[in-house]
Student: 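Sharing a structure, written as structure tokens. Questions coming.
Chain naming here is simple, since letters A, B, ... match the order of the sequence lines and numbering starts at 1 in each. As a basis for the values below, the full set of heavy atoms in this structure was taken, side chains included, without hydrogen atoms, waters or symmetry mates.
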Number of protein chains: 2
Amino acid sequence: MKKYTIKDIAKLAGVSKGTVDRVIHKRGKVSKKALDKVTKLLEEIDYQPNLIARSLKNTKNYHICVIQPNPEIDPYWQPCIDGVNQAINEYKSFGITIDSYFFNHADTYSFLEVNKDVLKQQPDAVLITPVFHKESVEVIKKYNANNIIVSTINDPLELNGITNYVGQDLLQSGRIAASLMEMIVPKNKEIIIIHLDEVFNNSIHMQLKEKGFKNYLEQVSNNNYTLKTYSFQQADLDKELPNLLNKSNNISGVFVTTSKVYSVAKIIKNFTDLDIKIIGYDLLDENIKYLKSNAIDFLIHQNPKHQSYLCITQLAEHFLFDKKIPKQKLLPIDIVNSENFDGYTNN
Amino acid sequence: MKKYTIKDIAKLAGVSKGTVDRVIHKRGKVSKKALDKVTKLLEEIDYQPNLIARSLKNTKNYHICVIQPNPEIDPYWQPCIDGVNQAINEYKSFGITIDSYFFNHADTYSFLEVNKDVLKQQPDAVLITPVFHKESVEVIKKYNANNIIVSTINDPLELNGITNYVGQDLLQSGRIAASLMEMIVPKNKEIIIIHLDEVFNNSIHMQLKEKGFKNYLEQVSNNNYTLKTYSFQQADLDKELPNLLNKSNNISGVFVTTSKVYSVAKIIKNFTDLDIKIIGYDLLDENIKYLKSNAIDFLIHQNPKHQSYLCITQLAEHFLFDKKIPKQKLLPIDIVNSENFDGYTNN
DNA sequence: AACAATTATGTGTTCGTACACATTTTTTGT
DNA sequence: ACAAAAAATGTGTACGAACACATAATTGTT
């Protein structure tokens, strides 16, 4: 399969490469005759421009800023950095520079401050994790006004000003947790949902997970379980959870909607006479530890590393090769147990 | 962050770009003085060659041949084509052409014939699915003798002449099946392993899966189950399996080591008085159907699409940007149930 | 010291595309 | 019919790296 170049087409059409160029880029100033001839030829041979040559010509330097919670405060976000770093390595030779900015995921003010800094930089794109719903809407408007591309990961946010979202279907994620719970918890038992350590109202992901979880149990499992929901700050968990367990001896399943599930497992494993199944989120080292010892039964993997990596990839290929960015990319929701976690942590 | 070019470095070092070029490529014929100066400079500014420019210069056309079982005979292999097609689309503008060749996965002769054809083509690389152990070893030697890169997917094969393997850890895959089985099948029941439709001795993947399955139940589950193994051709299944079920009324779990699990589910669902859990492989439409209706409990996803796509990606980036190809890439082993299959089929 | 042989260094072209600029052809107005 | 304006077409150069080739500097030989 021969590769045709602009020069080849020019010769075949009996015109100059300048004319072919004008046709390809619709710059006008071409006679109808020449336009028809070249257009037809382009179609016939299915001309594919050499993207490498094109990219070389456009030797701009693109700048992407990543804004995410500080992984030193919440280790869930560490893989995000790993994904970003992988992308940096991959694209540094292509004229794409990426800077990371961190905020405190429990402090909306720090989020706003960091975004202010980034805005000053006037990058070509920002990749943000909109964990705070209200504040995110606010800053995204500013980026839009400055013609800065806004990519989001991890937390879905319905907003026109967002170019793309890479993450999961969080409602479905809750359903999956419920389907697993149903398999391992006997009927007529009590299952509790625990939201840990985040402000429920401003955090859409916990709401969606809870909704999905209940949704499944209602529709598929015909309400065979007693369901209760609790929101705790981690500091209070040590008192509150034992209280709950002592009060009701019917609790057989716990669904934790965040990566802090290890702190729940830690408490429950001391109640050795109870058989309580635990399902939670994310492959933190601490969680894996309890997964291995079967104190946690399933973890749902949100794949933050792949989220950030993929999102940057989409931006980079857009800048370099003019690929269009899909509005939404939903990653598979991985079910992880003590036997298959390895494949998800080792890359 | 400024991007330095060879020209920049030449100017900074007070030499010509030719000299810088010779230093970078160690072509010799450079005075010690110039060498030291340029080397130091290269280190200082951490020179990264512009891979796009480099790639443009080497405007070779690379040719990859993909050899896989005909998906019209076994639909498991269809996603493989999808992955290849995705890669074709992605790389056709970069001067990489990919051709697909099919053989009958039940006919070693057709495999050898196809490989003979491909060898004549003298491609730069072949991507093969070594489903036949013995014959694969044979053809790989020939490719090696012709300096053709050999990539493998799906079936592991210990051999020096192989450049890389993209696939799964099949022993672990069996263990995962066992761990799930243990969760949903009560103790002291009988579990049977069924190998379907392939010649066991020449097919390493079924052996590994069985070994892993048994391995887990022995080590972790202390042989709480009665285990039996059967090898059937699909044609005989309709007689043999009902026989088995009628004889023993203790069978509560079936592990099918291939994608043909739907044909087992089809038979078992007629035995409405039995509660038999089924675990098998791969997201064939037919399998998904039974998964949705909970006739199949879990499927293990081998992700053939991603296998082929990723493998070609590795080859392409090697040819285009001189990236080194990792000897082995083990994909995560996805656990799929009726709630999360969607994320794996929709991309 | 003169010249060849060797070694070091510099120059120019190519890859395919994009775009600025130069040149030619056609159209318009008088 | 002819100049001027407008439209169409052609030409040349840059992007950054790679490499062939030309030229310059050094070394060795008599």
Student: Can you measure B:Arg27 atom CZ to C:dT7 atom P for me and round it to whole angstrom units?
Tutor: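 Whole-Å distance recorded here is 18 Å.
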
Student: How long is the line joining NZ of A:Lys11 and P of C:dG16, in whole Å?
Tutor: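 That distance rounds to 12 Å.
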
Student: Whole angstroms only, please: what is the CG-P distance between B:Leu42 and D:dA17?
Tutor: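 So the CG-P distance, B:Leu42 to D:dA17, works out to 11 Å.
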
Student: So, is A:Tyr47 close to the C:dG16 phosphate, meaning a side-chain N or O under 4.0 Å from OP1 or OP2?
Tutor: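 Checking A:Tyr47 against C:dG16: no side-chain N or O falls below 4.0 Å of OP1 or OP2.
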
Student: Between A:Glu113 and A:Lys116, does any side-chain N to carboxylate O distance fall below 4.0 Å?
Tutor: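 Salt bridge present between A:Glu113 and A:Lys116.
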
Student: Within this structure, what is the CD1-to-C1' distance between A:Ile9 and C:dT17, rounded to whole angstrom?
Tutor: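 To the nearest whole Å, that distance equals 12 Å.
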
Student: Does A:Ile149 reach the side chain of A:Val126, with side-chain heavy atoms less than 4.5 Å apart?
Tutor: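 No. Closest side-chain heavy atoms not under 4.5 Å.
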
Student: What closest approach, in Å, do B:Ile162 and B:Leu157 show between heavy atoms, and which atom pair accounts for it?
Tutor: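 Between these two residues, the closest heavy atoms are CD1-O, 3.5 Å.
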
Student: So what is the end-to-end bend of the helix from C:dA1-D:dT30 to C:dT30-D:dA1, with 5 pairs used at each end and the value given to 10 degrees?
Tutor: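 Result, rounded to 10 degrees: 60°.
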
Student: Within this structure, what is the CD1-to-P distance between B:Ile6 and C:dT11, rounded to whole angstrom?
Tutor: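 So the CD1-P distance, B:Ile6 to C:dT11, works out to 15 Å.
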
Student: Between C:dA22 atom P and A:Asp21 atom CG, what is the distance in whole Å?
Tutor: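 From A:Asp21 CG to C:dA22 P: 18 Å.
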
Student: Are the side chain of B:His318 and the backbone of B:Lys323 linked by a donor-acceptor contact shorter than 3.5 Å?
Tutor: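 The answer is yes, because a donor-acceptor pair under 3.5 Å joins these two groups.
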
Student: Taking the six-membered ring for Trp, are B:Phe132 and B:Phe111 ring centroids under 6.0 Å apart?
Tutor: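 Close enough - the centres of the two rings lie under 6.0 Å apart.
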
Student: Are the side chain of A:His25 and the backbone of A:Asp21 linked by a donor-acceptor contact shorter than 3.5 Å?
Tutor: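 Judged by distance alone, yes, a pair lies under 3.5 Å.
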
Student: Could you tell me whether B:Lys3 and B:Asp8 have a side-chain N and a carboxylate O separated by less than 4.0 Å?
Tutor: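 Salt bridge between B:Lys3 and B:Asp8, a charged N being under 4.0 Å from a carboxylate O: no.
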
Student: Looking at B:Arg54, I'd like to know whether one of its side-chain N or O atoms comes within less than 4.0 Å of OP1 or OP2 on D:dG16.
Tutor: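 The answer is no; no side-chain N or O of B:Arg54 sits under 4.0 Å from OP1 or OP2.
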
Student: Return the value, rounded to whole Å, for the distance between atom NZ of B:Lys26 and atom P of D:dC19.
Tutor: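 One finds 15 Å between P of D:dC19 and NZ of B:Lys26, rounded.
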
Student: Using modelled atom types and a 3.5 Å cut-off, is there a donor and acceptor pairing between side-chain atoms of B:Thr129 and backbone atoms of B:Asp155?
Tutor: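 Not a single qualifying donor-acceptor pair exists.
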
Student: Can you give one letter per nucleotide of nucleotides 10-15 of chain D, 5' to 3': B if a protein heavy atom sits under 4.0 Å from the base, S if only from the sugar-phosphate, - if neither?
Tutor: BBBBBB

Student: Under a 4.0 Å heavy-atom cut-off, which of residues 29-41 of chain B touch DNA chain C?
Tutor: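 Heavy-atom cutoff 4.0 Å gives B:Lys29, B:Val30, B:Ser31, B:Ala34.
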
Student: Could you tell me whether the side chain of A:Tyr91 reaches within less than 4.5 Å of the side chain of A:Leu320, counting heavy atoms only?
Tutor: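 Yes; the side chains approach each other to less than 4.5 Å.
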
Student: Rounding to an integer number of Å, can you tell me how far B:Ile52 CD1 sits from C:dT17 C1'?
Tutor: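 Computing the B:Ile52:CD1 to C:dT17:C1' distance gives 13 Å.
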
Student: Given C:dC19, is OP1 or OP2 found less than 4.0 Å from the side-chain N or O atoms of A:His25?
Tutor: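 For A:His25, the contact criterion (side-chain N or O under 4.0 Å from OP1 or OP2 of C:dC19) is not met.
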
Student: Are the side chains of A:Gln168 and A:Asn154 in contact, using a 4.5 Å heavy-atom criterion?
Tutor: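 Sidechains of A:Gln168 and A:Asn154: no contact.
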
Student: Mark yes or no for whether A:Gln307, through its side chain, and A:Gln302, through its backbone, hold a donor-acceptor pair below 3.5 Å.
Tutor: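 Pair found, side chain donor or acceptor close to backbone of A:Gln302.
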
